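Notes for the one structure printed next.
Since we're looking at a predicted model, the values are computed, not measured. Position 1 is the first residue of the sequence, and the numbers go up from there.
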Amino acid sequence: MKIKYLIITIALVTLSSFAKFNSEKKYISTPIKSGIIVQQQSEGEKLIAKSDCIGCHNKDKKLVGPAYSEIAKKYPSNSKNIDYLVGKVIAGGSGVWGTVPMLAHPTYKKEDVKTMVKYILSLKK
């Protein structure tokens, strides 16, 4: 599995090195009226982006650990589950989603982890 990621990384770096960069090209921004709604990132999403969580988890796809959307399906958003998941993130563990253990994160602040967990549980569809 690690070899696969290494090969993909090497391929992407190699391909990107052949890209042409044209610094003389000028871009003009023009306002476009459309029905696109831009949402700002939630505080939980920002904290996750700064953490090492994205190395094992993804919003919609299983990587090493479960997708955030799968976690949200499994655990209803209530104080009992939030406290349980905060404890799991900080202490680490295994067995719930398979044999691969989740590393402990003892340096994370409990309030930050709680914000991240609330965001993850808000992804329930």
Heavy atoms only: give me the nearest [X]-[Y] pair and the separation to one decimal.
{"X": "Ala104", "Y": "Ala91", "value": "CB-O, 3.3 Å"}
{"X": "Ser94", "Y": "Pro101", "value": "CB-CA, 3.5 Å"}
{"X": "Ala72", "Y": "Leu123", "value": "CB-C, 3.9 Å"}

Joining Ile, Leu, Val, Met, Phe, Trp and Tyr whenever any side-chain heavy atoms lie under 4.5 Å apart, the cluster holding Val64 also takes in Val100

So if you build clusters from Ile, Leu, Val, Met, Phe, Trp, Tyr with side-chain heavy-atom gaps below 4.5 Å, do Val96 and Ile82 land together? yes

Answer with yes or no whether the hydrophobic clustering places Ile54 together with Met102; edges join I, L, V, M, F, W, Y residues whose side-chain heavy atoms lie under 4.5 Å apart. yes

Sequence-distant partners of Lys74, salt bridge (charged side-chain N to carboxylate O under 4.0 Å, His left out), two or more places apart: none

The criterion is salt bridge (charged side-chain N to carboxylate O under 4.0 Å, His left out); which residues satisfy it with Glu70, sequence neighbours excluded? Lys73

Not counting sequence neighbours, which residues clear side chain to side chain contact (heavy atoms under 4.5 Å, CB included) with Pro76? List them please. Asn78, Asn81

Rounded to the nearest 0.5 angstrom, the CG-OG distance for Leu85 and Ser77 is 9.5 Å

Could you tell me the separation between the NZ atom of Lys46 and the OG atom of Ser51, rounded to the nearest 0.5 Å? 14.5 Å

Review item, side-chain donor-acceptor pairs of residues 108-121, under 3.5 Å, at least two apart:
residue : atom : partner : partner atom : Å
Tyr108  : OH   : Asp52   : N            : 3.3
Tyr108  : OH   : Asp52   : OD1          : 2.7
Thr115  : OG1  : Glu111  : O            : 2.9

How would you list, by chain and number, every residue that makes a side chain to side chain donor-acceptor pair (under 3.5 Å) with Lys124, sequence neighbours excluded? none

So the side-chain hydrogen bond (donor to acceptor under 3.5 Å, both in side chains) pairs with at least one residue in residues 54-69 (sequence neighbours excluded) are none

Would you please name every residue forming a ring pair (Phe, Tyr, Trp, His ring centres under 6.0 Å) with Tyr75, sequence neighbours left out? Tyr84

